[in-house]
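Right, one structure below, let's go through it.
For reference, positions follow the sequence shown, starting with 1. Both ligands and their constituent atoms are indexed starting at 1 by order of listing.
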Amino acid sequence: MKRGAAFGAVALAAFSLTPGTAFAQATSDASEGPRTRIVGGTPAEQGEFPFMVRLSMGCGGALYAQDIVLTAAHCVDGSGPNTDIGVTGGVVDLDDPAAQKATSTEVLQAPGYDGTGKDWALIKLDKPIDQPTLKIADTDAYDNGEFDIAGWGADREGGSQQQKLLKAKVPFIDDATCKAAGGSYSGLVDAEEICAGVEAGGVDSCQGDSGGPMFRKDDAGEFVQVGIVSWGEGCARAGKPGVYTQVSHFAQDIKSAADQLGS
Ligand code: 4AZ
């Protein structure tokens, strides 16, 4: 788990980093209005974020290549041959019969990953998922502004996993402001982590969104991945931002790891 496996259950309770598991139908609550699912999100349109994939251990991911998924290190067990991870892509509704399914053949977890920073991993697939990929930021030029997040994770802290993909927008939060949130945030690894969230709370990634991308448009109007959902203290709490792996810092490592996997 992130933030020190030594603290075990404490870390688990504080940050709920356990990948999401079982589905449950989202309960409808008309009193909460249309922006109640995923912690301040709304449903994504079919095809809007075609690079999004759901992983069977209950994490998200993005297609780095059609046969390589970029996800979080804390979503996988380690590196090596692995045929245990099911991957679903090409749909917003995980029960859509048009879903494209693939299976892992190999996992490459960030070298040196120990639960603090370096929260990225690549998963090689047995066959390609025929969808557009998401390019990764290889400079810090896009590590600012307003970001998109999407996932099938919980719609509120402690809530259930979602059958349909939800999306939200979260603004960049600078490292100093993020650290000032206190607690584990004071241990933020500046170079390796990037924070985002709404200061007042109410909009955030949550349990089961881990491993999914945080992204925005680049100057050419194309999506570029700047983050990987990593951790946070609860979900959507005021003054407790979401923390994301800073993809630009690891771009060269990710590219060479992908070459190693053979894309
Ligand atoms: C998780 O466990 C998780 N609010 C993801 C993101 C955040 C918290 C937990 C950030 O997947």
### Message
Under the salt bridge (Lys or Arg N to Asp or Glu O under 4.0 Å) test against E222, which residue among K217, R216, K135 passes?
### Response
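Exactly one option meets the salt bridge (Lys or Arg N to Asp or Glu O under 4.0 Å) with E222, and it is K135.
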### Spatial distance of atom CG (D175) from atom CG (D190) [nearest 0.5 Å]
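Those atoms lie 4.0 Å apart.
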Only heavy atoms of [X], strictly under 4.0 Å: list the atoms of ligand 1 that pass.
| X | value |
| --- | --- |
| V229 | 5 (C), 6 (C) |
| S205 | 4 (N), 6 (C), 7 (C), 10 (C) |
| D204 | 4 (N), 10 (C) |

Could you tell me whether some N/O pair between [X] and ligand 1 is separated by less than 3.5 angstrom?
| X | answer |
| --- | --- |
| C235 | no |
| H74 | no |
| W231 | no |

### Query
Between V243 and ligand 1, which part of the residue brings a heavy atom under 4.0 Å of the ligand: side chain, backbone, both or neither?
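Under 4.0 Å from ligand 1, V243 contributes no heavy atoms.
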### Query
For ligand 1, is any non-hydrogen atom under 4.0 Å from C59's backbone (N, CA, C, O), its side chain (CB onward), both, or neither?
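The answer is neither.
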### Message
If you count every heavy atom of other residues, nucleotides or ligands that lies below 6.0 Å from K127 atom NZ, does the total exceed 12?
### Response
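Counting neighbours around NZ of K127, more than 12 heavy atoms of other residues, nucleotides or ligands fall under 6.0 Å, so yes.
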### Close approach of G153 to ligand 1, heavy atoms, under 4.0 angstrom
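Contact check G153 vs ligand 1: negative.
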### Message
Please determine whether any non-hydrogen atom of G234 lies less than 4.0 Å from an atom of ligand 1.
### Response
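Yes, that is the case, since the closest heavy atom of the residue is under 4.0 Å from the ligand.
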Can the ring centroids of [X] and [Y] be said to lie less than 6.0 angstrom from one another?
| X | Y | value |
| --- | --- | --- |
| F223 | F49 | yes |
| F51 | F215 | yes |
| Y185 | W231 | yes |

